[in-house]
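Please read the structure below before turning to the comments.
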Amino acid sequence: MIIGLGEWGLHYRTIEDHCRIARKFDLQYLELGIGGDFPGRIQREISQQEINNLQTCINDYGIKAPFVVLENDFTLVDSEQLRKMKDRVAHDIRLASRLGASHVRLFTGFALASEMTEERWTSMLEAFALMEDLCSQLGMVISIETHGRNTQVNNGFIHEHTTSTEWKSLQRLLIELPSAVGFNFDPGNLKAVDSSRPLTDYARLLGNRINYCHLKDWKRIEDYWVACAPGDDDLNYDELLKEVPFQGVYLIEYEQVNDVEEGIGRSLKYLRSIRPELRTE
């Protein structure tokens, strides 16, 4: 089992800080992000010289960064907004290719699964077909994150089902998406959106379509959820990982920005306790 470092939670720090923190924990794989007004995100209008400088920095730390997360919503109703969204994602996919990415993380979108009409399903699936074709031309693959719609409450979030978390919607995606489109299996997100269904069910359902994985947990406080490290709550990764056929790099995604380094350290300590053979390269 190979462990790397996810980007969210580090997004308020520079990418050189991401590299420094990764090396502090002897991690050699890093996830990058494109878009959003954060110091740790790559801006869409980055110049080639800035890309060269970024790649030099990453290489100087001995880091590999083949995983790039994009921001998108293909469940938009307005046709013009959806067209602009597809244009933006296509731009970001090309930029990810220039950065040397092998995997791009996308969302299906943030409409509730219960609100999806056949028209919205059709337009969403068409968008993925376009993006998969582009990724195929550029030698990359898509990973759809299992992610609900999150509404902030106090210091946490309420999670609701989207098409990438609701059971029947996931079944439909597996059938109707291009077969090359994979999934970013995020068990923590699935737990928070529906704690009644065993996570092993999702692992078996997605099976060999899992081509990316985030590791975190969520802790329930009253009627909302707060993100935490693997091992901080009751998500049993020891048993769950036995059902996950994925053989790639598992990315720790510790989301709390105020103690992110401590959280990464706790995550690694827990993961090493259940997988002594854990590797970082």
Side-chain angles (χ1 to χ4, degrees), residues 1-33 38 40 61-69 103 105 143 145-148 150 155-157 159 183-193 195 199-200 202-203 210-221 225-244 246-281:
M1 182 179 183
I2 304 173
I3 296 293
L5 189 56
E7 176 262 354
W8 195 251
L10 295 170
H11 50 293
Y12 287 109
R13 305 192 184 204
T14 68
I15 292 176
E16 183 167 6
D17 281 339
H18 300 189
C19 295
R20 178 188 58 78
I21 292 167
R23 293 309 302 160
K24 172 182 175 179
F25 293 104
D26 293 323
L27 301 174
Q28 295 191 15
Y29 285 93
L30 197 63
E31 180 183 65
L32 300 176
F38 301 110
Y61 279 89
I63 299 292
K64 300 174 184 177
F67 316 108
V68 176
V69 294
H103 293 67
R105 189 290 313 273
S143 306
E145 182 162 349
T146 53
H147 197 294
N150 296 353
N155 294 318
F157 295 89
H159 297 243
F183 285 82
N184 171 12
F185 182 51
D186 190 315
N189 289 346
L190 291 166
K191 169 190 165 180
V193 79
S195 56
L199 294 171
T200 50
Y202 288 105
I210 298 172
N211 62 2
Y212 204 113
C213 191
H214 280 160
L215 301 177
K216 65 169 176 286
D217 201 350
W218 288 85
K219 184 188 296 286
R220 189 173 185 88
I221 299 176
W225 295 87
V226 175
C228 59
D232 281 354
D233 202 53
D234 63 357
L235 201 167
N236 187 342
Y237 273 104
D238 186 27
E239 291 302 315
L240 176 61
L241 291 175
K242 295 174 184 176
E243 303 293 337
V244 180
F246 178 58
Q247 296 296 312
V249 179
Y250 288 76
L251 299 169
I252 292 171
E253 187 183 44
Y254 186 77
E255 297 195 356
Q256 300 294 348
V257 298
N258 293 329
D259 67 341
V260 65
E261 293 189 48
E262 293 85 350
I264 293 166
R266 292 200 310 278
S267 301
L268 275 169
K269 182 178 180 180
Y270 167 74
L271 293 168
R272 287 192 171 110
S273 75
I274 63 168
R275 290 292 181 277
E277 74 281 10
L278 181 151
R279 296 185 295 135
T280 59
E281 58 180 341

Going by distance alone, is a donor N or O of one side chain under 3.5 Å from an acceptor N or O of the other, for W225 and N150? no
Residues R20, E261; criterion salt bridge (Lys or Arg N to Asp or Glu O under 4.0 Å); working and verdict: CA-CA 11 Å; R20 178 188 58 78; E261 293 189 48; 3.6 Å; yes
Can you tell me how far apart CG (L215) and CZ (F185) are? Round to the nearest 0.5 Å. 9.5 Å
Heavy-atom nearest pair, R13 first then H18, reads O-NE2, 3.0 Å
Using a strict 4.0 Å threshold on nitrogen-to-oxygen distance, state whether D233 and R220 make a salt bridge. no
Can you say whether the rings of F67 and Y29 are parallel (under 30°), tilted (30 to 60°) or perpendicular (over 60°)? tilted
With rounding to the nearest 0.5 Å, note down the distance linking CH2 in W8 to CD in E31. 11.0 Å
Locate the shortest heavy-atom distance separating I252 from I264; write the atom from each residue and the value. CD1-O, 4.4 Å
Is it true that E277 and R272 make a salt bridge, defined as a side-chain N closer than 4.0 Å to a carboxylate O? no
d(I3 CD1, L251 CG) to nearest 0.5 Å is 8.0 Å
Please give me the minimum heavy-atom distance between K219 and D232, naming the atom from each residue. NZ-O, 3.0 Å
Is it true that N211 and S143 share a donor-acceptor pair across their side chains at a distance under 3.5 Å? yes
Taking all heavy atoms of L235 and all of Y270, pick out the closest pair and write down the distance. O-OH, 3.7 Å
Distance in Å, E243 CD paired with L241 CG, rounded so as to fall on 0.5 Å steps: 10.0 Å
Once rounded to the nearest 0.5 Å, what's the spacing between atom CD of E255 and atom CG of D217? 11.0 Å
Out of curiosity, E145 CD to C213 SG, how far, rounded to the nearest 0.5 Å? 10.0 Å
Over 60° means perpendicular and under 30° means parallel, so tell me whether Y212 and H214 are parallel, tilted or perpendicular. perpendicular
Taking every heavy atom of L27 against every heavy atom of L5, the minimum-distance pair comes out as CD1-CB, 4.1 Å
Least distance between heavy atoms, L30 atom then C19 atom: CD2-SG, 4.0 Å
Could you tell me whether D186 and R105 have a side-chain N and a carboxylate O separated by less than 4.0 Å? no
Evaluate Y237 against R275 for side-chain hydrogen bond (donor to acceptor under 3.5 Å, both in side chains), listing each step before the verdict. CA-CA 10 Å; Y237 273 104; R275 290 292 181 277; over 6 Å; no
